[in-house]
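One structure below.
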Amino acid sequence: MKPNTTHEEYDEHYPEWELMEDVLDGEAAVHEEGVKYLPKLTGQTVEEYAAYVMRAPFYNATARTVDGLVGMIFRKAPTIVAPTGMQAIVDDMTLDNTGLDELAEQITRELVGIGRMGILVEYPKVQNNPITLAEYAQQNLRPYVTKYEAEQIINWRMERINNVMQPVMVALKEEVCEYKNEFESEEIEQIRVLLLRL
């Protein structure tokens with residue numbers, strides 16, 4: 001089996017996730033997909049069809065419903081109780097200044113809209129075996145969260161461990177930046193396979 005092999009449930013649900021992504025992105029995204037959502041009429045030229053698509057209104061009740069539900073859930077700000085030493089992590093969960101409260105809202109929005117999402121808590125590779133807390137802080141050695149949308153979790157396997165069904169393999173599709181030189185870079189796709197067997 002190749003790393004980019006997809007799970008049968010992934011193949012079954014991918015079109016639904018793609019549809020929901022387009023709908024939640026709004027009218028421009030739906031129009032951009034053209035014949036996927038608005039079939040071409042018999043005898044229409046390319047120009048006529050383009051005009052036909054641009055005239056077609058799209059009332060986005062789905063996105064408004066998601067906004068309303070997420071707004072109701074976060075009507076009251078979440079209460080976060082964490083030790084003082086963890087405040088820096090709580091204030092920046094993803095290493096891009098996304099705090100725990102904002103991350104919780106992003107996760108909720110994805111779950112209400114798409115119904116599936118993955119969270120991976122990572123820890124950077126240790127370079128020079130730090131000993132003191134100051135050395136840990138200097139190297140910014142701390143856990144952080146990486147989010148994976150439904151479309152990025154392409155394969156998984158569950159097995160019974162200690163009489164409980166648990167994931168033993170998860171394959172994640174992600175894009176990383178590869179630098180050609182100091183000024184040029186490109187996004188390349190890679191598959192990260194997590195082997196979780198204990």
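Along the sequence shown, the residues carry numbers beginning at 1.
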Cluster membership besides L95, Ile/Leu/Val/Met/Phe/Trp/Tyr side chains within less than 4.5 angstrom, sorted by chain and number, is Y144
Where the side chain of [X] meets the backbone of [Y], is there a donor-acceptor pair that is under 3.5 Å apart?
X: Q44; Y: L41; result: yes
X: D92; Y: D96; result: yes
X: E175; Y: E189; result: no
X: D25; Y: V30; result: no
X: H31; Y: A56; result: yes

Can you find a heavy atom in the side chain of Y148 that is under 4.5 Å from one in the side chain of K173?
no
Would you call E27 and N60 a side-chain contact if the rule is heavy atoms closer than 4.5 Å?
no
Looking only at side chains, do T5 and N155 share a donor and an acceptor under 3.5 Å apart?
no
Among D67, T62, L69, find the residue that satisfies the side-chain contact (heavy atoms from CB on, under 4.5 Å) test when tested with T65.
L69
So does [X] have more than 12 non-hydrogen atoms from other groups sitting under 6.0 Å from [atom1]?
X: M54; atom1: CE; value: no
X: Y123; atom1: OH; value: yes
X: E187; atom1: CD; value: yes
X: E32; atom1: CD; value: no

E9 bridged to R116 by N-O distance under 4.0 Å:
no
[X] [atom1] to [Y] [atom2] distance, which is reported to the nearest 0.5 Å:
X: I73; Y: K76; atom1: CD1; atom2: NZ; value: 15.0 Å
X: T94; Y: I89; atom1: OG1; atom2: CD1; value: 12.5 Å
X: E149; Y: E21; atom1: CD; atom2: CD; value: 5.0 Å

What is the ring orientation for W17 with Y14, classed by angle as parallel under 30°, tilted 30 to 60°, or perpendicular over 60°?
perpendicular
